[in-house]
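Take a look at the structure set out below.
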There are 2 protein chains.
Amino acid sequence: MTSTEPQAQQSGVRPTKQRLAVAAALEATAGFHSAQEIHEQLGGSVGLATVYRTLTMLADAGDVDMMRNEDGEAIYRRCSGTHHHHLVCRSCGHTVEVEGPAVERWTNAIAAEHGYADVSHTLEIFGTCRDCR
Amino acid sequence: MTSTEPQAQQSGVRPTKQRLAVAAALEATAGFHSAQEIHEQLGGSVGLATVYRTLTMLADAGDVDMMRNEDGEAIYRRCSGTHHHHLVCRSCGHTVEVEGPAVERWTNAIAAEHGYADVSHTLEIFGTCRDCR
DNA sequence: ACACTTTTGACAATGGTTCTCATGCTGAGT
DNA sequence: ACTCAGCATGAGAACCATTGTCAAAAGTGT
């Protein structure tokens, strides 16, 4: 273990083996993965319920991105904490993180124009990457 | 890829009462609605399975838009055929269709820049509308 | 009206996700 | 190092949206 980061104790969030395992699994593989995939990837060493719980915590904390595939299943991906969007290849799943200040501004403007506050948004771009053509 | 079959002689798609009822329900109410909501709105006069089937058909035919709410449930909305995005109130579900030529251009540019072709995208804006504040 | 095909709907089945709760660990204090 | 109080875990049940099943009902062309 040898962990030298004594912090966030009062909040009672413990860095357990299971949580580290889930985080490591996301770290190790690129792209989006479902809770079940991660559970299998860990060989069942971490209970499915725990995987779900951990993933939800990580997503709430902003450490991972959560989105839904076409079947409505939740998929997670480790990514930078900054706000960004994804450019995903339909064929191979290769993903590029992109930023668009202009889009952020546009969404805020549109929302304000219609009297909406507390604005958030989701934006995903799909295409076929060079290697898949 | 089997959707355009003009010769509806043998494989006839019938405009039944149930299908018309579901379409009418979507027509009558603005915003997004789940299959279950429509089923209830129709007072159960149309079976839930039929509502699901009809909604799926309409979505496949492009007559309605289907998206997923934050819980991953499928929600449907009758809307114009032109490309646009939605500004949705988190609280009451009130929806405004918005267009953003600039966004379209931006997504295409970003995709091209990374070598992606055949570009499409999804964009949803969430906020709290004036009446819900 | 008849024969034939599509559609319907009650119910079962499916599958992802969450909940329950007894037991296991962790971190902190002694 | 030993003990304690709580958070964390995991096996399975519970949930719930969605889909599949299939016999009965409703349309359609003749």
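Each chain gets a letter, A, B and so on, in the order the sequences are listed, and its residues count up from 1.
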Calculate the interatomic distance between [X] atom [atom1] and [N] atom [atom2]; express it in whole Å.
{"X": "Leu48(B)", "N": "dG9(C)", "atom1": "CG", "atom2": "P", "answer": "11 Å"}
{"X": "Ile38(B)", "N": "dT18(D)", "atom1": "CD1", "atom2": "C1'", "answer": "14 Å"}
{"X": "Glu73(B)", "N": "dT18(D)", "atom1": "CD", "atom2": "C1'", "answer": "11 Å"}
{"X": "Met66(A)", "N": "dG16(C)", "atom1": "CE", "atom2": "P", "answer": "16 Å"}
{"X": "Leu58(B)", "N": "dT7(C)", "atom1": "CG", "atom2": "P", "answer": "13 Å"}
{"X": "Glu70(B)", "N": "dA17(D)", "atom1": "CD", "atom2": "C1'", "answer": "17 Å"}
{"X": "Tyr52(B)", "N": "dT8(C)", "atom1": "OH", "atom2": "C1'", "answer": "17 Å"}
{"X": "Leu20(B)", "N": "dA26(D)", "atom1": "CG", "atom2": "C1'", "answer": "14 Å"}

Hey, which sits more toward the 5' end of DNA chain D by its nearest nucleotide, Ile75(B) or Lys17(B)?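 Residue closer to the 5' terminus by nearest nucleotide: Ile75(B).
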So, are Glu73(A) and Arg68(B) salt-bridged, with charged N and O less than 4.0 Å apart?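 Result for this pair is no, no salt bridge flagged.
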Name the closest nucleotide to the Ala74(A) side chain, picking from dC11(C), dT17(C), dA17(D).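 Nucleotide nearest to Ala74(A)'s side chain: dT17(C).
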Looking only at side-chain atoms of Ala49(A), point me to the closest of dT17(C), dT18(D), dG10(D). dG10(D)
If an axis is fit to five pairs at each end of the helix from dA1(C)-dT30(D) to dT30(C)-dA1(D), what is the angle between the two, to the nearest 10°?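 One end's axis against the other's: 30°.
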What does Thr16(A) touch in the nucleic acid at a heavy-atom separation under 4.0 angstrom: a base, only the sugar-phosphate, or nothing?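 Here Thr16(A) touches the backbone only, sparing every base.
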Any base atoms under 4.0 Å from Ser45(A), or only sugar-phosphate, or nothing? Heavy atoms, all strands.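 The residue Ser45(A) makes sugar-phosphate contact but no base contact.
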When you compare the side chain of Gln18(A) with that of Thr54(A), does any pair of heavy atoms fall below 4.5 Å?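 Contact flag for Thr54(A)/Gln18(A) side chains = no.
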Test of understanding: with side-chain contact (heavy atoms from CB on, under 4.5 Å), list the residues that count as partners of [X], not counting sequence neighbours.
{"X": "Arg105(B)", "result": "Pro101(B), Ala102(B)"}
{"X": "Val96(B)", "result": "His114(A), Tyr116(A), Leu87(B), His94(B), Val98(B)"}
{"X": "Phe126(B)", "result": "Ser120(A), Thr122(A), Met67(B), Val88(B), Arg90(B), Glu124(B)"}

Residues two or more places apart in sequence or in another chain: which of them pass ring-ring contact (aromatic ring centres under 6.0 Å, His included) with His86(B)? Phe32(B), His84(B)
Tell me whether the OP1 or OP2 atom of [N] has a side-chain N or O from [X] closer than 4.0 Å.
{"X": "Gln18(B)", "N": "dG9(C)", "result": "yes"}
{"X": "Arg19(B)", "N": "dT8(C)", "result": "yes"}
{"X": "Arg53(A)", "N": "dC19(C)", "result": "no"}

Non-neighbouring partners of Glu27(B) that pass salt bridge (charged side-chain N to carboxylate O under 4.0 Å, His left out), sequence neighbours left out: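 With sequence neighbours excluded, Glu27(B) shows a salt bridge (charged side-chain N to carboxylate O under 4.0 Å, His left out) to Arg78(B), given in chain and number order.
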